[in-house]
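Reviewing the structure listed below.
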Amino acid sequence: MQTDTPFTVYGEQFDSRLLIGSALYPSPEVMQQSLLASQAQIVTVSLRRQNSVSAGDDFWQLIKDTGLRVLPNTAGCHSVKEVVTLAQMCREVFATDWIKLELIGDEYNLQPDPIALLEATEILIKQGFKVLPYCTDDLVVCQRLADLGCEVLMPWGAPIGTGKGLLNPYNLQTIRERLPNHTLIVDAGLGLPSHAVQALELGYDAVLLNSAIAGAGCPVTMASAFHHAVVAGRAAYVAQAMPEKEVAAPSTPTMGMPFWHQN
Ligand SMILES: CC(=O)[C@@H](O)[C@H](O)COP(=O)(O)O
């Protein structure tokens with residue numbers, strides 16, 4: 001029986017390998033029920049949304065009532081100055097030094113700006129933040145972020161909100177192989193539980209998603225489906241898949257003659 005290694009975020013262990021977003025739900029109540037159904041232990045929230053008029057007064061209370069650990073994010077930021085300022089505000093408001101660093105470089109596909117991301121990460125780590133950078137699936141960018149001191153890296157599966165799944169499994173696999181001791185989380189672009197299974201089967205430690213659950217016909221049921229998906233994907237990774245073969249091989253080996261042909 002293979003034993004699993006725990007999922008850790010900056011030294012803290014979590015049972016659930018699903019990190020969930022808190023935006024775009026049809027109502028605050030559906031959001032809360034979905035968070036609970038997902039069995040996630042970490043929820044990412046945007047301070048910008050918190051402050052917006054549409055956020056609703058009870059939004060923060062509902063999040064608090066779930067008991068989930070909050071991972072503040074810098075969604076919607078486009079410059080180093082913006083993310084650093086917002087991260088500092090998040091640290092005050094949410095009383096945590098964790099920050100999911102989102103620094104968008106292109107408005108069309110919401111691709112992170114890898115150059116500015118490195119600059120911002122360096123500044124924030126020097127200021128004592130534990131940075132969880134949302135980045136592209138570029139090995140060298142991931143290595144540079146790791147060199148700066150990021151213990152957790154969050155390459156995208158696909159652009160945010162597209163639901164396209166893992167667009168480049170080869171890149172993601174290479175990052176996994178080259179950074180075997182870092183916590184790796186696929187963040188963004190997942191649309192189906194099977195995408196989460198695939199990420200976990202590749203050896204990713206966890207997935208972070210929002211739109212696939214919030215935008216589903218029934219977010220609560222989809223949240224539960226994603227919970228089961230990460231459990232299944234991780235179990236499959238730990239169990240180690242059989243090697244692929246190029247040619248067919250009978251799964252019921254035949255030896256000698258069937259018994260009714262004997263005599
Ligand atoms: C909630 C959040 O932080 C998003 O920016 C995140 O990257 C998830 O993306 P999806 O909505 O595509 O799952």
Side-chain angles (χ1 to χ4, degrees), residues 9 16-26 28 30-32 34-35 38 40-50 52 54-55 59-60 62-63 66 68-78 82-83 86-87 90 94 96 98-114 117 120 131-137 142 145 152-168 172 184-200 204 206-216 219 222-223 225-227 229-230 233:
V9 176
S16 171
R17 294 173 182 271
L18 175 59
L19 289 75
I20 190 166
S22 55
L24 302 174
Y25 288 88
V30 171
M31 175 198 73
Q32 192 187 43
S34 303
L35 299 193
S38 74
Q41 292 170 303
I42 299 173
V43 58
T44 183
V45 297
S46 159
L47 185 58
R48 285 189 159 178
R49 184 182 187 280
Q50 285 294 115
S52 77
S54 64
F59 174 81
W60 181 231
L62 287 174
I63 294 274
T66 64
L68 271 69
R69 175 71 180 263
V70 170
L71 169 59
N73 69 58
T74 60
C77 287
H78 292 78
E82 259 184 303
V83 286
L86 193 60
C90 287
F94 298 108
T96 177
W98 283 10
I99 190 76
K100 166 167 146 61
L101 199 57
E102 258 188 64
L103 207 171
I104 300 303
D106 182 86
E107 204 45 52
Y108 177 69
N109 68 351
L110 302 179
Q111 177 169 332
D113 178 337
L117 187 65
V131 177
L132 293 85
Y134 165 61
C135 55
T136 46
D137 53 1
C142 287
L145 288 164
V152 180
L153 303 164
M154 306 211 294
W156 67 357
I160 293 172
T162 60
K164 288 180 179 295
L166 309 189
L167 288 183
N168 201 328
L172 290 170
L184 297 181
I185 301 171
V186 171
D187 174 8
L190 305 191
L192 290 167
S194 55
H195 300 153
V197 173
Q198 195 187 359
L200 273 289
Y204 274 68
V207 290
L208 188 156
L209 57 115
N210 190 153
S211 306
I213 293 176
M222 190 58 88
F226 268 99
H227 160 70
V230 294

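Whatever order the structure lists ligands and atoms in, that order sets their numbers, starting from 1. All values reported here derive from a predicted model rather than from experimental measurement.
Contact record, Ser22 with Ile63: CB-CD1, 3.9 Å, taken as the closest heavy-atom pair. Heavy-atom minimum distance, Ala216 versus Met222: CB-CB, 3.7 Å. Scanning both residues, Ala158 and Gly165, for their nearest heavy atoms gives CB-O, 3.3 Å.
Side-chain contact between Leu208 and Leu190: absent, with no pair of heavy atoms (C-beta onward) separated by less than 4.5 Å. Side-chain atoms of Ile20 and Thr44, non-hydrogen and from C-beta on, never get closer than 4.5 Å to each other. Taking the side chain as every heavy atom from C-beta outward, Leu167 and Pro159 approach each other to under 4.5 Å.
Numbered from 1 in the order shown, with element, the atoms of ligand 1 that lie under 4.0 Å from a heavy atom of Glu102 read 2 (C), 3 (O), 4 (C), 5 (O). For ligand 1 and Ser211, the ligand atoms under 4.0 Å from any heavy atom of the residue are 10 (P), 11 (O), 12 (O), 13 (O). Every atom of ligand 1 with a heavy atom of Leu209 under 4.0 Å away is listed here by number and element: 13 (O). Atom numbering of ligand 1 starts at 1 in the shown order; those under 4.0 Å from a heavy atom of Gly189 are 10 (P), 12 (O).
The shell of residues lying under 4.0 angstrom from ligand 1, judged by heavy atoms, includes Lys100. Using a non-hydrogen distance threshold of 4.0 Å, Ala23 does not register as a contact of ligand 1. The shortest separation from a heavy atom of Gly161 to ligand 1 is under 4.0 Å, placing the residue in contact.
For atom 1 (C) of ligand 1, the closest non-hydrogen atom of the protein is Asn210 OD1, 3.3 Å.
The residue from Asn210, Leu71, Val70, Leu19 that alone fulfils the side-chain contact (heavy atoms from CB on, under 4.5 Å) condition with Val43 is Val70.
If you look at Asp187 next to ligand 1, the close heavy atoms, those under 4.0 Å, all belong to the side chain.
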